[in-house]
Amino acid sequence: MKKLFLFAALSFSTLIFSQKKYVLVIHGGAGTITKASMTPEKEKAYTQKLKEALKAGYSEIKKGNSSVEAVAASIVILEDSPLFNAGKGAVFTADGKNDLDASIMNGKDKSAGAISGVHTIKNPIKAAIAVMEKSPHVMLSGLGAEQFAAEQKLELVNPEYFWTIERWDGLQKLKKKETEKKIGQNMKNEILKSYEIDQKFGTVGAVALDKNGNIAAGTSTGGMTNKKWNRIGDAPIIGAGTYADSLVGISCTGWGEYFIRATAARTIAAKMEYQNKDIKTASQETIDEIEKLGGDGGLIALDKNGNIAMPFNTSGMYRGAVTENGEIEIEIYK
Ligand code: ASP
């Protein structure tokens with residue numbers, strides 16, 4: 001009897017995130033996320049929010065709306081939640097600001113939009129979509145991006161809206177550790193050290209496949225705690241943090257510098273297009289390459305047949321997916 005139960009449990013777990021046709025996959029960031037560091041309340045809060053985001057995106061797909069609309073619906077829920085490092089709850093820069101980045105790509109026509117370094121746009125993903133659909137450009141930054149968002153009548157907020165005590169405390173802790181850990185060799189090493197001790201990422205992303213077979217991918221983030229000099233990570237860079245074409249869509253999270261150097265998202269699509277690799281192999285190889293370079297993080301990918309991959313080399317990644325029948329699956333730890 002015991003054996004039978006074990007067998008049933010094993011076959012159930014191997015079925016999770018496999019063999020089904022998925023239409024939406026999301027992440028809420030990868031990092032040092034362990035069961036030991038989590039309270040049951042926190043775990044429940046994250047699970048519920050991921051579920052809500054999956055439901056919102058799935059409802060768009062079910063209605064027959066586009067994959068871009070599904071991605072937007074999911075990401076807006078996560079941006080509005082202080083749990084994640086995107087929109088409200090974004091991490092702080094070294095000078096105490098919330099500097100937001102986001103991007104979107106529509107695999108149907110390879111159109112794309114991104115914004116970087118904004119402080120007043122309530123939902124950065126909406127601004128990225130507006131750049132894609134309403135401007136002749138792909139990427140806008142800073143004040144110009146905010147001006148554009150205002151012209152598009154997107155909701156603007158006072159920068160204080162993004163402030164949360166957890167992220168503020170996170171910045172203070174990191175600054176303290178940074179001073180303690182200064183190794184004095186050169187600026188580059190000191191900055192690298194300060195990122196190494198900030199192992200809690202929390203970017204959000206979504207990839208959707210709509211009823212017409214079109215894929216879209218989007219990513220939104222506050223970047224990395226204590227970032228300096230208007231640093232920009234991979235999240236708003238098409239081909240690095242986000243990519244979608246007619247075969248596959250990808251959204252990444254993790255130590256952005258490495259994802260940029262590995263042109264992570266595009267590399268997965270290229271492996272599939274030119275080397276005929278399946279989504280799992282292409283995604284895992286790319287994470288392995290990032291690890292070899294010294295970086296960490298994870299990604300989500302969804303292909304035109306509804307297969308998904310969610311590799312990461314950290315201890316956890318908030319992630320979830322919905323099948324075409326609306327079954328929801330959520331995982332946090334490795
Ligand atoms: N990739 C983001 C960045 O480097 C951070 C993250 O995903 O947590 O800005």
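Position 1 is the first residue of the sequence; numbering continues from there. Both counts, for ligands and for their atoms, begin at 1 and track the order of listing.
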Which of parallel (below 30°), tilted (30 to 60°) and perpendicular (above 60°) describes Phe92 and Trp168? perpendicular
Against heavy atoms of Gly202, which atoms of ligand 1 measure under 4.0 Å? 8 (O)
Derivation of the salt bridge (Lys or Arg N to Asp or Glu O under 4.0 Å) call for Lys211 and Glu60: CA-CA 10 Å; Lys211 284 191 175 161; Glu60 295 295 321; over 6 Å; no
Could you tell me which atoms of ligand 1, counted from 1 in the order shown, lie closer than 4.0 angstrom to a heavy atom of Thr203? 2 (C), 5 (C), 6 (C), 7 (O), 8 (O)
Charged N-O contact under 4.0 Å between Asp99 and Arg231: no
Who gets closest to atom 4 (O) of ligand 1 by heavy atom: Glu257, Arg231, Met317? Arg231
Quick one: which of Ala235, Gly254, Gly233, Gly223 has a heavy atom closest to atom 2 (C) of ligand 1? Gly254
Any atoms of ligand 1 less than 4.0 Å from a non-hydrogen atom of Asp234? List them with their elements. 1 (N), 2 (C), 3 (C), 4 (O)
Under-4.0 Å salt bridge between Glu329 and Lys20: yes
Under 3.5 Å, is there a donor-acceptor pair between the Thr219 and Ser251 side chains? yes
4.0 Å heavy-atom contact, Gly29 with ligand 1: no
Pairwise side-chain contact, Leu156 with Ile121, heavy-atom cut-off 4.5 Å (strictly under): yes
N or O contact, Thr253 vs ligand 1, cut-off under 3.5 Å: yes
